[in-house]
Amino acid sequence: MILYFSATGNSEYAARMIADAVDDVVVSLTPRLKTKDHSPIHSEKPWIIVTPTYAWRIPEIVTDLLNDTPLTGNRQMYFVLTHTSGCGNASDYARKLAEKKGMVFMGLSSFNMPSDHITMFETPSSEEAEKIIQASTSPLSRIAQCIQCGEMLPARNISIGDRIASTVINPLFCAFMTSSRGFHVTDKCVGCGLCVQLYPLNNIVLVNQKPQWSDRCTHCTACINHCPTAAIEYGRKTKGRHRYVFPKDVMRKTEQDQSIGLR
Ligand SMILES: Cc1cc2nc3c(=O)[nH]c(=O)nc-3n(C[C@H](O)[C@H](O)[C@H](O)COP(=O)(O)O)c2cc1C
Ligand code: SF4
């Protein structure tokens, strides 16, 4: 079973492509995150966890959810991470998570996708994003092939920089860089409520048809990137920045091909 978390669609796409190649099902973790649902999940096939990289590790909210959710059946666990440039030493933390759940760690592979980290950096244009997505086809098929054959995903060399990023910078990022205080809404907001719906931690509510953020935030950027009128800003940094979400036509085609068995 493929369990995925995805704020802006990259990891959902990866999860769907792998599901198709290994003939397995995809399950989004977002409804469980939103409702704090920790009921058991069962799978006869290996567990494949697909997530974005947040500060060189699996997102904290996903690690916490998996720690709290009994997983029954198959005892093998694979990890696939999408990122913009790298995931540091995330594999060590993934291995610990798998072992804590009594699973056999089957490795972690990661590959580049377009950046959604709009609160810190520029995001790619649609044309740049398209090229990056196209280039993800070969790492994705290598990963799927490994899983299909029941092999471990190949380990890569971990540098001192990778260790520092995942072990030292990650906790600092989670403690000091994920405040929701900078988020605000402009008069472009039409009160559609999509930001409330998409946010994985239920920390946005509509008050007088305008979103208000409470403290609990992971900076997943779902709200700011998905807002249909680009009404959400983070401080002054995001003004004029391109909003990135995985291209809807490509995602729709993947879903349709899966539902009619073309893939
Ligand atoms: C809070 C946050 C932290 C991120 N940290 C990293 C990182 O450490 N390394 C990296 O290469 N990309 C990083 N990114 C980029 C995302 O991992 C990348 O765009 C990912 O594919 C988004 O996946 P999604 O569309 O499934 O949510 C970060 C993005 C966010 C929002
Ligand atoms: S998604 Fe955008 S337009 Fe819709 S309620 Fe949220 S901020 Fe307003």
Side-chain angles (χ1 to χ4, degrees), residues 4-17 26 28-30 33 49-62 80-90 93 110-124 128-129 132-133 136 139-140 161-162 164-170 172-174 176-180 183-201 204-213 217-234 238 243-248 250-251:
Y4 77 87
F5 167 68
S6 183
T8 50
N10 293 341
S11 311
E12 177 178 353
Y13 171 72
R16 289 188 180 284
M17 295 298 280
V26 286
S28 168
L29 292 174
T30 300
L33 287 163
I49 312 300
V50 186
T51 74
T53 304
Y54 286 175
W56 302 280
R57 260 155 78 170
I58 298 165
E60 204 180 12
I61 51 170
V62 176
V80 178
L81 266 60
T82 66
H83 53 53
T84 306
S85 56
C87 64
N89 192 20
Y93 291 88
S110 64
F111 58 93
N112 285 347
M113 285 295 262
S115 174
D116 64 354
H117 205 178
I118 188 169
T119 51
M120 287 191 90
F121 307 108
E122 289 290 342
T123 51
E128 287 164 338
I132 300 170
I133 292 165
S136 73
L140 256 172
D162 289 329
I164 293 173
S166 299
T167 309
V168 182
I169 307 179
N170 174 282
L172 293 174
F173 176 85
C174 293
F176 300 112
M177 303 296 286
T178 56
S179 165
S180 59
F183 287 108
H184 60 100
V185 74
T186 66
D187 55 16
K188 287 196 268 181
C189 174
V190 292
C192 69
L194 187 67
C195 49
V196 178
Q197 204 184 309
L198 291 176
Y199 195 76
L201 292 175
I204 307 178
V205 285
L206 281 195
V207 177
N208 297 327
Q209 298 299 301
K210 303 282 177 229
Q212 272 187 11
W213 287 258
C217 187
T218 50
H219 269 222
C220 74
T221 74
C223 62
I224 185 166
N225 276 308
H226 279 278
C227 172
T229 60
I232 301 175
E233 300 287 357
Y234 185 70
T238 52
R243 269 54 177 162
Y244 172 76
V245 287
F246 187 88
K248 288 194 176 56
V250 181
M251 188 74 86

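Whatever order the structure lists ligands and atoms in, that order sets their numbers, starting from 1.
Looking only at protein heavy atoms, the nearest one to atom 3 (S) of ligand 2 is Val190 N, 3.4 Å. Of all protein heavy atoms, the one closest to atom 2 (Fe) of ligand 2 is Cys227 SG, 2.3 Å. Looking only at heavy atoms of the protein, atom 22 (C) of ligand 1 is closest to Asp116 OD2, 3.4 Å.
Among the atoms of Cys192, no N, O or S atom is found under 2.8 Å from atom 8 (Fe) of ligand 2. Atom 2 (Fe) of ligand 2 has no N, O or S atom of Cys195 under 2.8 Å away, backbone or side chain.
Separating the NZ atom in Lys210 from the CD1 atom in Ile232 is a distance of 11.5 Å, to the nearest 0.5 Å. One distance of note links OG1 of Thr51 with NE2 of His83; it measures 10.5 Å at 0.5 Å rounding. To the nearest 0.5 Å, atom CG of residue Asn112 and atom CD1 of residue Ile133 are 12.0 Å apart. In this structure, Ser11 OG and Arg16 CZ are separated by 12.5 Å, a value rounded to the nearest 0.5 Å. Taken from OG1 in Thr84 to CG in Asn10, the straight-line distance is 8.0 Å, to the nearest 0.5 Å. Remark: Ser6 OG to Met251 CE distance equals 6.0 Å, nearest 0.5 Å.
Selection from Pro52, Gly86, Gly9 by nearest heavy atom to atom 9 (N) of ligand 1 gives Gly86. Nearest-heavy-atom check against atom 17 (O) of ligand 1 across Thr221, Asn10, Asn112, Thr53 picks out Thr53. Proximity annotation for atom 12 (N) of ligand 1: of Thr178, Asn170, Thr84, Thr84 comes nearest, heavy atoms only.
Atom numbering of ligand 2 starts at 1 in the shown order; those under 4.0 Å from a heavy atom of Thr229 are 3 (S). For ligand 2, the atoms closer than 4.0 angstrom to any heavy atom of Gly193 are 4 (Fe), 5 (S). Of all atoms in ligand 1, numbered sequentially from 1 with element shown, those under 4.0 Å from a heavy atom of Ser115 are 19 (O). Annotation for ligand 2: atoms under 4.0 Å from non-hydrogen atoms of Ile232 are 7 (S). Listed by number with element, the atoms of ligand 1 under 4.0 Å from a non-hydrogen atom of Ser85 are 10 (C), 11 (O). Within ligand 1, the atoms closer than 4.0 Å to a non-hydrogen atom of Thr82 are 17 (O), 20 (C), 21 (O), 23 (O), numbered from 1 in the order shown. Of all the atoms in ligand 1, the ones that sit under 4.0 Å from a non-hydrogen atom of Trp56 are 7 (C), 8 (O). Against a heavy-atom cut-off of under 4.0 Å, Thr8 is close to the following atoms of ligand 1: 24 (P), 25 (O), 27 (O). Each of the following atoms of ligand 2 lies closer than 4.0 Å to a heavy atom of Cys189: 3 (S), 5 (S), 7 (S), 8 (Fe). Against a heavy-atom cut-off of under 4.0 Å, Ala55 is close to the following atoms of ligand 1: 3 (C), 4 (C), 5 (N), 6 (C), 7 (C), 8 (O). Counting the atoms of ligand 2 from 1 in the order shown, those under 4.0 Å from a heavy atom of Val185 are 7 (S). The ligand atoms of ligand 1 that sit less than 4.0 angstrom from a heavy atom of Ser11 are 23 (O), 24 (P), 26 (O). Close contacts of ligand 1 with Ala7, meaning ligand atoms under 4.0 Å from a residue heavy atom, involve 24 (P), 26 (O), 27 (O).
With a heavy-atom cut-off of 4.0 Å, Pro211 touches ligand 2 through its side chain alone. Residue contacts with ligand 2, taken as heavy atom pairs separated by less than 4.0 Å, involve Pro228 solely via side-chain atoms from C-beta onward. The parts of Ser6 lying near ligand 1 are both backbone and side chain, judged by heavy-atom distances below 4.0 Å.
Proximity of Pro228 to Leu194: side-chain heavy atoms (C-beta onward) are separated by under 4.5 Å at one or more points. Counting only heavy atoms from C-beta outward, the side chains of Tyr54 and Cys220 approach each other to under 4.5 Å. Side-chain contact between Arg57 and Phe173: absent, with no pair of heavy atoms (C-beta onward) separated by less than 4.5 Å. Two residues are said to be in side-chain contact when any heavy atoms from C-beta on lie closer than 4.5 Å; Glu233 and Thr186 meet this criterion. Between Ile118 and Arg243 the shortest side-chain heavy-atom distance falls below 4.5 Å.
Residue contacts with ligand 1: Pro114 is placed with a nitrogen or oxygen under 3.5 Å of a nitrogen or oxygen of the ligand (distance criterion only). Below 3.5 Å of separation, one finds no N or O of Thr218 facing any N or O of ligand 1. For ligand 1, none of its N or O atoms has an N or O atom of His117 under 3.5 Å away. Checking only distances, His219 never comes within under 3.5 Å of ligand 1, N or O to N or O.
The closest donor-acceptor contact from the side chain of Asp162 to the backbone of Asn89 lies at 3.5 Å or more, if one exists at all.
No close placement of the His226 and Tyr199 rings is indicated, their centers lying 6.0 Å or farther apart.
Distances shorter than 4.0 angstrom do not occur between any heavy atom of Phe246 and any atom of ligand 1. Ligand 1 does not have Tyr244 within reach: every non-hydrogen atom of the residue lies 4.0 Å or more from it. Note on ligand 1: Pro59 sits outside its first shell, no heavy atom being nearer than 4.0 Å.
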Q | Test side chain to side chain contact (heavy atoms under 4.5 Å, CB included) applied to Tyr4 and Val26, step by step | A | CA-CA 7 Å; Tyr4 77 87; Val26 286; 4.1 Å; yes

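Of the listed residues (Thr82, Asp116, Thr123), just one forms a side-chain hydrogen bond (donor to acceptor under 3.5 Å, both in side chains) with Thr8, and that residue is Asp116. Of the residues listed (Trp213, Phe183, Phe176), the one engaging His219 in a ring-ring contact (aromatic ring centres under 6.0 Å, His included) is Phe183, and it is the only one.
Scanning all heavy atoms of the two residues, the minimum distance from Leu81 to Pro52 falls at CG-O, 4.3 Å. Of all non-hydrogen atoms in Ser166 and Trp56, the two that sit nearest each other are OG-O, 2.8 Å.
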